[in-house]
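Here the structure is a predicted model, which means the values were calculated and not measured. For reference, positions follow the sequence shown, starting with 1.
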Amino acid sequence: MSQQFNNFINGKWKASSSKEVIESYNPAKKSEVIGSVQKSTREELNEAVEGAKAAQKKWKKLAGAERGNYLFKVANIMEENLEDIAKTMTKEMGKSLPEAKGETNRGIAILRYYAGEGMRSDGDVIPATDPSALMYSKRVPIGVVGVITPWNFPVAIPIWKMAPALIYGNAVVLKPASEGSVTAAKVIECFDKANFPDGVINFVTGSGSVIGQGLAEHPDVNAITFTGSNAVGKNIGVIAAQKGGKYQLEMGGKNPIIVADDCDVDAAVAATLSGGLKSTGQKCTCSSRVIVQAGIYETFKEKLLEKAKQITVGDGMDADTWMGPCASESQFNTVKHYIEKGKEEGATLLLGGKEPTDEKLKDGYYIEPTIFDDVKTSMTIAQEEIFGPVLALMKVDTVEEAIHLANDVEFGLSASIYTSNIEHMLTFIDDMEAGLVRINAETAGVELQAPFGGMKASSSYSREQGQAAKEFFTTMKTVFIKG
Ligand SMILES: NC(=O)c1ccc[n+]([C@@H]2O[C@H](COP(=O)([O-])OP(=O)(O)OC[C@H]3O[C@@H](n4cnc5c(N)ncnc54)[C@H](O)[C@@H]3O)[C@@H](O)[C@H]2O)c1
Ligand SMILES: O=CCCC(=O)C(=O)O
């Protein structure tokens with residue numbers, strides 16, 4: 001039976017005054033309702049921000065280790081509920097169950113990583129010009145942090161924002177994407193069970209234009225951390241800049257994988273399929289442009305096609321499914337639109353490009369793994385983020401040309417190269433305009449203890465995760481004491 005979730009405001013689960021809910025459907029079985037969340041109004045948003053503002057004043061006074069203990073507690077509770085959270089994620093947004101379990105485990109590891117931060121240094125002693133004075137820097141929280149998240153990682157992304165925000169002494173108001181809200185509600189239930197002080201964590205669901213925008217505009221929200229599309233992110237940046245708040249935007253990608261003549265072809269094929277098509281191509285770090293050197297092109301293409309044909313498409317809950325459906329009808333229509341664009345603009349469709357014919361899959365938003373050949377950099381499918389199971393093959397003569405082509409997009413999130421040549425590796429590391437560069441590894445695969453973020457239009461040049469999170473979720477005081 002589908003569950004209905006309320007907002008979590010000031011330590012209480014409360015329905016919206018709108019009396020309306022948003023239903024979440026299973027993309028593998030269109031008519032199955034997974035659950036519903038509140039279609040909130042600004043009234044609830046204001047209540048959540050007000051509660052967060054009051055609670056933060058006490059929360060920041062706790063010792064870091066005490067705040068850390070709350071995060072350790074949530075991690076343990078999430079571990080007990082891992083199976084249920086992961087199954088909800090698979091049913092709500094379609095990723096396969098092993099991937100959903102992996103993501104939930106990642107969320108737990110992130111909580112533990114930041115829990116430990118409560119015991120670590122929060123400043124430096126700096127020699128003063130006056131030898132009898134003590135001078136030091138001290139990191140302090142920003143206040144109330146608005147967290148706006150997408151649907152593609154409904155557990156890991158809210159946690160990789162909330163955990164550092166909380167450990168450094170901020171209070172949080174989370175607004176998740178509607179297509180991942182039921183899963184996110186189950187994460188918030190774990191926070192609730194860990195008995196955080198009322199108001200420190202708040203969860204308000206609803207439309208982006210009402211709750212998301214309202215959070216960005218709110219005068220008592222001191223910082224906004226956003227992950228999502230470029231169109232929405234840019235608007236949040238403008239609002240935050242006008243208001244004077246701190247902001248962090250992590251947005252789209254158009255990530256290249258370069259396959260050099262001198263690489264291990266089988267490894268490059270495996271990485272292209274895993275990096276490009278896992279999660280149905282719906283990771284910001286997914287490979288979408290496959291730039292292959294001429295000497296290996298035909299061999300690589302043949303092997304790629306052979307392996308891609310073996311991919312099993314199906315419901316993420318089935319044990320033999322490798323690739324699930326697109327997460328929603330709108331995502332499904334977007335992917336189909338780009339496939340038509342590719343054909344219209346003259347790319348050669350090598351594989352897929354349509355819905356599977358299998359009767360069992362008729363009731364879901366499935367698209368076959370799709371591979372285009374003869375793709376030119378000017379084509380729409382080589383420039384715009386598709387966020388679906390579509391690979392664009394591009395042929396080049398040299399690695400230098402490959403890197404030039406790889407940089408010829410507005411995005412710069414992640415990039416990878418397959419090569420055995422150290423010079424190629426070093427040139428790629430130096431010249432590739434991307435925040436995450438990976439050698440002989442697929443483009444996807446973010447590690448929670450390392451900084452993550454993009455260059456160019458992929459980011460506001462801020463970095464998330466690892467120690468980098470401290471930069472965003474704190475500000476600095478310089479203290480000078482003269483006896
Ligand atoms: N760089 C990264 O770390 C990263 C990670 C995951 C996803 N993404 C990107 O996210 C996108 C897919 O996610 P999506 O479809 O949920 O993105 P989206 O921009 O449509 O939505 C993201 C969030 O913003 C909210 N929102 C919508 N309109 C708003 C408005 N006017 N004001 C404030 N908030 C608003 C949504 O409700 C949602 O919570 C892709 O572009 C993907 O590359 C980036
Ligand atoms: O969707 C963006 C996050 C990607 C990620 O977490 C990964 O590649 O592991």
Does any N or O in the side chain of [X] come within less than 3.5 Å of the main-chain N or O of [Y], such that one atom is a donor and the other an acceptor?
X	Y	value
Arg289	Ile257	no
Lys254	Glu410	no
Thr312	Asp320	yes
Lys303	Val269	no
Thr419	Asn421	yes
Asn255	Ala415	no
Arg463	Gly435	no
Asn7	Thr205	yes

*Can you check ring pair (Phe, Tyr, Trp, His ring centres under 6.0 Å) on Phe473 and Tyr168, steps first, answer last?*
CA-CA 7 Å; Phe473 292 107; Tyr168 299 126; 7.3 Å; no
_Ser414 and Val437: CA distance, side-chain angles, deciding distance, side-chain contact (heavy atoms from CB on, under 4.5 Å) verdict_ = CA-CA 6 Å; Ser414 73; Val437 289; over 6 Å; no
*Worked verdict on Lys193 versus Lys73 for side-chain contact (heavy atoms from CB on, under 4.5 Å)*: CA-CA 9 Å; Lys193 286 183 189 145; Lys73 240 200 242 176; over 6 Å; no
Between the side chains of [X] and [Y], does any donor sit under 3.5 Å from an acceptor?
X	Y	answer
Lys161	Thr227	yes
Asp374	Thr348	yes
Asp315	Tyr366	no
Ser36	Glu23	no
Thr225	Gln248	yes
Glu99	Ser279	yes

Work out which heavy atom in [X] is nearest to a heavy atom in [Y]; give both atom names and the distance.
X	Y	answer
Pro154	Met93	CG-CG, 4.2 Å
Val221	Gly146	CG1-N, 3.6 Å
Thr443	Pro256	CG2-O, 3.3 Å

With rounding to the nearest 0.5 Å, note down the distance linking [atom1] in [X] to [atom2] in [Y].
X	Y	atom1	atom2	value
His337	Ile386	NE2	CD1	9.0 Å
Asn26	Ser328	CG	OG	12.0 Å
Leu111	Trp160	CG	CH2	13.5 Å
Leu277	Ser287	CG	OG	8.5 Å
Ile417	Met425	CD1	CE	8.0 Å
Ile367	Ile339	CD1	CD1	5.0 Å

_Lys101: which residues meet the side-chain contact (heavy atoms from CB on, under 4.5 Å) condition with it, sequence neighbours left out?_
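With sequence neighbours excluded, Lys101 shows a side-chain contact (heavy atoms from CB on, under 4.5 Å) to Leu82, Glu83, Ala86, Leu97, given in chain and number order.
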*Do Tyr365 and Phe332 make the cut of ring centroids closer than 6.0 angstrom?*
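Centroid separation for Tyr365 and Phe332: below 6.0 Å.
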Could you give all pairs that pass the salt bridge (Lys or Arg N to Asp or Glu O under 4.0 Å) test and reach [range], with sequence neighbours left out?
range	result
residues 31-40	Glu20-Lys39
residues 417-446	Glu433-Lys456
residues 323-339	Lys336-Glu355

_Steps toward side-chain contact (heavy atoms from CB on, under 4.5 Å) verdict (Tyr25, Ile34)_ = CA-CA 5 Å; Tyr25 289 87; Ile34 295 308; over 6 Å; no
*Scan Thr370, Leu350, Leu273 and name whichever one has a side chain to side chain contact (heavy atoms under 4.5 Å, CB included) with Leu391.*
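Exactly one candidate clears the test, Leu273.
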*So is Lys283 actually on top of Phe153's ring, under 6.0 Å and inside 45° of the axis?*
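No - Lys283 does not lie over the ring of Phe153 by the 6.0 Å and 45° rule.
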Does [X] have any side-chain hydrogen bond (donor to acceptor under 3.5 Å, both in side chains) partners at least two apart in sequence or in another chain, and if so, which?
X	answer
Thr149	none
Lys95	Glu103
Arg106	none
Glu447	Gln449

*Does atom NZ of Lys470 have more than 12 heavy-atom neighbours, drawn from other residues, nucleotides or ligands, at distances under 6.0 Å?*
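Yes, because the 6.0 Å sphere around NZ of Lys470 holds more than 12 heavy atoms from other groups.
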*Would you call Glu117 and Arg120 a salt bridge, using N to O less than 4.0 angstrom?*
yes
*If you measure from the Lys or Arg side-chain nitrogens to the Asp or Glu carboxylate oxygens, is any gap between Lys186 and Glu189 under 4.0 Å?*
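Looking at Lys186 and Glu189, the cut-off is not met.
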*Heavy atoms, side chains only, cut-off 4.5 Å: are Gln4 and Gln38 in contact?*
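In contact.
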*Under the salt bridge (charged side-chain N to carboxylate O under 4.0 Å, His left out) rule, what do Glu298 and Lys301 come out as? Steps first, then yes or no, please.*
CA-CA 5 Å; Glu298 291 306 323; Lys301 188 165 86 178; 3.7 Å; yes
*asked:* Holding to ring pair (Phe, Tyr, Trp, His ring centres under 6.0 Å), I want the full list of residues that pass it with Tyr113, two or more places apart in sequence or in another chain.
replied: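 Scan of Tyr113 (ring pair (Phe, Tyr, Trp, His ring centres under 6.0 Å), adjacent residues dropped) gives none.
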*Could I get the full list of ring pair (Phe, Tyr, Trp, His ring centres under 6.0 Å) partners for Phe300, not counting sequence neighbours?*
none
*Excluding sequence neighbours, so at least two apart, what forms salt bridge (charged side-chain N to carboxylate O under 4.0 Å, His left out) with Lys360?*
none
*Just do the side-chain hydrogen bond (donor to acceptor under 3.5 Å, both in side chains) check on Tyr418 and Asp262 with the steps written out, would you?*
CA-CA 8 Å; Tyr418 270 74; Asp262 53 40; over 6 Å; no
*Run the numbers on Ile258 and Ile403 for side-chain contact (heavy atoms from CB on, under 4.5 Å), then give the verdict.*
CA-CA 8 Å; Ile258 295 175; Ile403 295 173; 3.9 Å; yes
*Name all pairs fulfilling the side chain to side chain donor-acceptor pair (under 3.5 Å) condition that reach into residues 378-391, sequence neighbours left out, sorted by first residue then second.*
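Every side chain to side chain donor-acceptor pair (under 3.5 Å) pair that includes a residue of residues 378-391, provided the two are not neighbours, is Tyr338-Glu384, Glu345-Thr380, Thr377-Gln383.
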